[in-house]
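Computed from a prediction, not measured in an experiment: that's the story for all the values here.
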Amino acid sequence: MDSHDVQADLKHVLYGREQIQQRVAELAAEIDRDYEGRDLLIVGVLKGAVMVMADLARALHSHVTMDWMAVSSYGSGTQSSGVVRILKDLDTDLMGKHVLIVEDIIDSGLTLSWLKTNLESRGTASVEICTAFRKPEAAKVKIDVKYVGFDIPNEFVVGYGLDYAEKYRNLDFVGTLAPHVYE
């Protein structure tokens, strides 16, 4: 899908495919440099991180292992409560491993803060975070994010893994969803 397929649903496009791919390549180069000589496990957070995880893994020049986790912050509405349930846990033992959590977006930071603490408690050598997008204005907790693709405004965005009602994930860009779609 491209922007012409959903033009009526968008206010505007924030980042196009080429911009995203260029930034993912830059992040991969940083990660390759930082983890040179070390085994790295990249952990994707389902479902949103599928796109960035796949692109990042292909852009890396180092061997990595991959695993997936699904978590849910339940509560009313569309905002995270910070109370987290693990829907799908990792298959990998984390003892002594260098772990890089790969996320699509960081809003409040509540779920990711919990997830990082949870993974650190499993005997990891290190746990860092890589996110494609971050909304600094939406942060409710301070969380150290080592690799950030783009800082974006605190608006409702879709594409490149980000969804609304499980739609729009397969867009090859990120855009701001028009209010008439979700109001």
A8 and A178 have their tightest heavy-atom pair at O-CB, 4.5 Å
Test side chain to side chain contact (heavy atoms under 4.5 Å, CB included) applied to V141 - qualifying residues, sequence neighbours left out: L110, S113
Scan for salt bridge (charged side-chain N to carboxylate O under 4.0 Å, His left out) pairs involving residues 174-183, sequence neighbours excluded, and state none if there are none. none
Which pairs of donor and acceptor atoms, one on a side chain in residues 48-57, lie under 3.5 Å apart (sequence neighbours left out)?
residue : atom : partner : partner atom : Å
D55     : OD1  : R58     : NH2          : 2.5
D55     : OD2  : Q21     : NE2          : 2.8
D55     : OD2  : Y160    : OH           : 2.7

Contacts of S126 meeting side-chain hydrogen bond (donor to acceptor under 3.5 Å, both in side chains) (sequence neighbours excluded), chain-then-number -> H98
Summary of ring-ring contact (aromatic ring centres under 6.0 Å, His included) pairs that have at least one residue in residues 15-62, sequence neighbours excluded: Y15-F150
What pairs with D163 under side-chain hydrogen bond (donor to acceptor under 3.5 Å, both in side chains), at least two apart in sequence or on another chain? R169
Going only through I, L, V, M, F, W and Y residues with side-chain contacts under 4.5 Å, is there a path from I86 to W68? no
Can you list every pair that meets salt bridge (charged side-chain N to carboxylate O under 4.0 Å, His left out) and has a residue in residues 117-127, with sequence neighbours left out? D89-R122, K116-E120
All heavy atoms of V148 vs all of R23, minimum pair found to be O-NH2, 2.8 Å
Could you pull out all residues at least two apart from E36 that satisfy side chain to side chain contact (heavy atoms under 4.5 Å, CB included)? none
By side-chain hydrogen bond (donor to acceptor under 3.5 Å, both in side chains) - contacts of Q22 (at least two apart): E26
Spell out, as yes or no, whether a donor-acceptor pair under 3.5 Å connects the side chain of D107 to the backbone of A138. no
Note: D172 and I20 closest approach over all heavy atoms is O-CD1, 4.2 Å
Nearest non-hydrogen partners of L177 and D9, listed with the distance: CD1-O, 3.3 Å
Apply side-chain hydrogen bond (donor to acceptor under 3.5 Å, both in side chains) to T92 and list each qualifying residue two or more places apart in sequence or on a separate chain. D67
Heavy-atom closest contact (G96 atom, A125 atom, distance): O-CB, 3.4 Å
With E155 via side chain to side chain contact (heavy atoms under 4.5 Å, CB included) - residues at least two apart: K11, H12, P153, T176
Qualifying residues under side chain to side chain contact (heavy atoms under 4.5 Å, CB included), relative to A70, sequence neighbours excluded: L46, L87, K88
Shortest non-hydrogen contact from P136 to R134? CD-O, 3.1 Å
